[in-house]
Asks: 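Following this message is one structure expressed as structure tokens.
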Protein chains: 2
Amino acid sequence: MAEDWTDRHVARWRDHWLDIGFDEDVEGVFTRIGRLARHLRDAKAAALAEVGLTDFEYDTLHALMIRDTPGSASPTELAAEVGVSGAGMTGRLDGLERAGWIRRIPSVDDRRRVIVEVTRQGLAIWRRAMDIRGEAEHALAAALTERELATVNRLLRKMTLRSEAEDGGSPGAS
Amino acid sequence: MAEDWTDRHVARWRDHWLDIGFDEDVEGVFTRIGRLARHLRDAKAAALAEVGLTDFEYDTLHALMIRDTPGSASPTELAAEVGVSGAGMTGRLDGLERAGWIRRIPSVDDRRRVIVEVTRQGLAIWRRAMDIRGEAEHALAAALTERELATVNRLLRKMTLRSEAEDGGSPGAS
DNA sequence: GAAAGGTACTTCGCTACCTAAGTATTTGGC
DNA sequence: GCCAAATACTTAGGTAGCGAAGTACCTTTC
């Protein structure tokens, strides 16, 4: 097996910082998770640019569409789901509304509330983004056999369960 | 095995978006990688705050220390290693210099260059951060046996190798 | 039924970041 | 040896994000 950036990183560590001491598999796993996350973010941003969406616009639309009530949510719910502050979500929705991909509708039941609804155009661009999305994921996933992929998935679940237990609730994003 | 956020996410998908179609293991693996990366970032930021460092200050000092020439680098090299722009690195170094953790020394060989050097205080706070760092990592890693951890590490390497081949060079960070 | 407190969203001031342009210096071609 | 191009870093202008304060509304309590 060829060596990747992380192998070189760990080797350098071993040479220069022997006295600090660390577990090579722990360091390796989390360094690689960080680097994969970065790669996916960059690859996704490049792919989305083709249909005219930024990464965070896509994430926001996506959060709106993958809910139990697809295409409709409150700003607060969306903020929690994508993991930004309420103020941050206001900014995102401003942009999406200006672009015509969502609508803000005042709630009649509770006039403090606002209902965010995807528009026809918003749905269309999301579907288009969905079609090209996952290419980067599949390109990377193809490095593993189906069996290996299932194994990684199972073992990562063990860690996410642990992390979600630590966090308490389920402050989530895709 | 209990279900995590990602399982619920995938299940919701299955219900509402049958027509789009996706591979559950691919979706699961990359959703979990993203969520683990987010958890680690947040946990690390919380831990670092205890010693008085922000996440990006730590990353910059860390990049400076894990090089082949620990404690000394050029701004451009550091920028490439942590994955920010040159301008971004200028801003980070301004802050670190103001705090007294690094020094900028004009190069005599090439007067366009600047040499960034860690100070005694910078080294001290980095060592302190190192001592508390990794707690979140080990807490999550403890969800797996040593054998499982080694397996995940090996399979993730397959994917990072693929991703680095796509990127071409090795534009790296820890 | 009015005051007190909680909730939902937005506005404001600030920070980190990016791209692009600017400054200073070195390198390469003729 | 001199001008053009490349390189290294900084400055300038703009964007997305955060926390905290602000506004409007609902709910509870007495």
Side-chain angles (χ1 to χ4, degrees), chain A residues 37-38 41-42 44-46 48-49 52-64 72-99 101-117 169 171 173, chain B residues 37-38 41-42 44-46 48-49 52-64 72-99 101-117 169 171 173:
Chain A
R38 194 162 119 186
R41 176 175 51 76
D42 294 347
K44 199 174 86 177
L48 290 174
L53 280 174
T54 64
D55 193 52
F56 71 84
E57 286 168 339
Y58 172 77
D59 280 346
T60 311
L61 276 180
H62 194 61
L64 185 56
S72 172
S74 78
T76 303
E77 287 163 348
L78 286 178
E81 276 156 26
V82 305
V84 303
S85 69
M89 185 49 64
T90 295
R92 289 189 179 197
L93 294 177
D94 287 347
L96 292 174
E97 193 167 36
R98 226 176 299 122
W101 296 323
I102 60 124
R103 236 190 318 267
R104 276 181 172 106
I105 300 171
S107 167
V108 283
D109 304 355
D110 181 341
R111 288 187 300 175
R112 289 169 305 181
R113 282 171 190 268
V114 167
I115 298 163
V116 178
E117 252 187 27
Chain B
R38 193 162 120 186
R41 175 174 51 74
D42 294 347
K44 198 173 86 178
L48 290 175
L53 280 173
T54 64
D55 192 53
F56 72 85
E57 285 168 340
Y58 172 77
D59 279 346
T60 311
L61 276 179
H62 194 61
L64 185 56
S72 172
S74 77
T76 303
E77 288 163 347
L78 286 178
E81 277 156 25
V82 304
V84 303
S85 70
M89 185 49 64
T90 295
R92 288 188 179 199
L93 293 177
D94 287 348
L96 292 174
E97 194 168 35
R98 227 178 297 122
W101 295 324
I102 60 122
R103 236 190 317 269
R104 277 181 171 107
I105 300 170
S107 167
V108 282
D109 305 355
D110 181 340
R111 289 188 300 178
R112 289 170 305 183
R113 282 170 189 269
V114 167
I115 298 162
V116 178
E117 252 187 27

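Since the structure is predicted, the reported quantities are computational estimates derived from the model, not experimental observations. Labels below follow one simple rule: chain letters A, B, ... track the order of the sequence lines, proteins then strands, and each chain is numbered from 1.
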Asks: Please figure out whether A:Thr54 or A:Ala87 has its closest DNA chain D nucleotide nearer the 5' end.
Replies: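 The answer here is A:Thr54.
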Asks: How close or far is atom P of C:dC9 from atom CG of A:Leu96, stated in whole angstroms?
Replies: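 So the CG-P distance, A:Leu96 to C:dC9, works out to 16 Å.
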Asks: Among A:Leu93, A:Ile102, A:Asp59, which one satisfies side chain to side chain contact (heavy atoms under 4.5 Å, CB included) with A:Leu78?
Replies: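 With A:Leu78 as partner, A:Leu93, A:Ile102, A:Asp59 yield a single side chain to side chain contact (heavy atoms under 4.5 Å, CB included), made by A:Leu93.
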Asks: Roughly how many Å is it from CZ in A:Phe56 to C1' in C:dC18, rounded to a whole number?
Replies: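 So the CZ-C1' distance, A:Phe56 to C:dC18, works out to 13 Å.
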Asks: When you measure from the side chain of A:Val84, which nucleotide among D:dA8, D:dC18, D:dA24 comes out closest?
Replies: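 Closest nucleotide to the A:Val84 side chain: D:dC18.
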Asks: Might you point out which heavy atoms bring B:Ser74 and B:Val116 nearest each other, and give the distance in Å?
Replies: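 It is C-CG2, 4.5 Å.
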Asks: What integer distance in Å separates B:Asp94:CG from C:dT15:P?
Replies: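 Atom-to-atom, B:Asp94 to C:dT15, this comes out as 13 Å.
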Asks: Indicate yes or no: at least one non-hydrogen side-chain atom of B:Thr76 is less than 4.5 angstrom from one of B:Met89.
Replies: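 No, every pair of side-chain atoms sits at 4.5 Å or beyond.
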Asks: For A:Leu93 and C:dA8, what is the distance between atoms CG and C1' respectively, to the nearest whole Å?
Replies: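 The distance from CG of A:Leu93 to C1' of C:dA8 comes to 13 Å, rounded to the nearest Å.
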Asks: So A:Thr90, base contact, sugar-phosphate only, or nothing? Heavy-atom distance under 4.0 Å.
Replies: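 Base: the residue A:Thr90, judged by heavy atoms under 4.0 Å, touches a nucleobase.
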Asks: What's the closest nucleotide to the B:Val114 side chain, out of D:dC9, D:dC18, C:dA24?
Replies: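 Nearest listed nucleotide: D:dC9.
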Asks: Remember a base hit wins even if backbone is also touched, and classify B:Ser85 as base, sugar-phosphate or nothing at under 4.0 Å, heavy atoms.
Replies: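 Base contact.
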Asks: Nearest whole Å is fine: how far is D:dT7 P from B:Asp110 CG?
Replies: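 Going from B:Asp110 (CG) to D:dT7 (P), I get 12 Å.
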Asks: Rounded to the Å, how far apart are A:Met89 CE and C:dT7 P?
Replies: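 Going from CE in A:Met89 over to P in C:dT7 covers 20 Å.
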Asks: Determine to 10° how strongly the helix from C:dG1-D:dC30 to C:dC30-D:dG1 is bent, judged from the axes of its five-pair ends.
Replies: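 About 10° separates the two local helix axes.
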Asks: Would you tell me if any nitrogen or oxygen in the side chain of B:Arg104 comes within less than 4.0 Å of OP1 or OP2 on D:dT10?
Replies: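 So the side-chain polar atoms of B:Arg104 do come within 4.0 Å of the phosphate oxygens OP1 or OP2 of D:dT10, strictly under.
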Asks: Would you check if A:Leu61 and A:Glu57 make a side-chain contact, meaning some heavy-atom pair closer than 4.5 Å?
Replies: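 Answer no - side chains too far apart.
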Asks: Do side-chain atoms of A:Glu117 reach the backbone of A:Ile105 as a donor and acceptor pair under 3.5 angstrom?
Replies: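 Between the backbone of A:Ile105 and the side chain of A:Glu117 there is no qualifying donor-acceptor contact (under 3.5 Å).
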Asks: For a quick test of reading the model: is some side-chain N or O of A:Arg113 closer than 4.0 Å to OP1 or OP2 of D:dA24?
Replies: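 It does not, given that no N or O in the side chain of A:Arg113 lies less than 4.0 Å from OP1 or OP2 of D:dA24.
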Asks: To the nearest Å, give me how far apart CZ (A:Arg112) and P (C:dA8) are.
Replies: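 One finds 6 Å between P of C:dA8 and CZ of A:Arg112, rounded.
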Asks: Nearest whole angstrom, please: distance from the P of D:dC25 to the CD1 of A:Ile115.
Replies: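 So the CD1-P distance, A:Ile115 to D:dC25, works out to 16 Å.
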Asks: Of all the choices, D:dG17, C:dT26, D:dA8, which nucleotide is nearest to the side chain of B:Arg111 once you look at every atom?
Replies: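 Given the options D:dG17, C:dT26, D:dA8, the side chain of B:Arg111 is closest to C:dT26.
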Asks: Side-chain N or O of A:Arg92 versus OP1/OP2 of D:dA16: is the shortest distance under 4.0 Å?
Replies: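 No, because none of the side-chain N or O atoms of A:Arg92 sits under 4.0 Å from OP1 or OP2 of D:dA16.
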Asks: Just how far is it from atom CZ of B:Arg104 to atom OG1 of B:Thr90, taken to the nearest 0.5 Å?
Replies: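 Atom-to-atom, B:Arg104:CZ and B:Thr90:OG1 are 6.0 Å apart.
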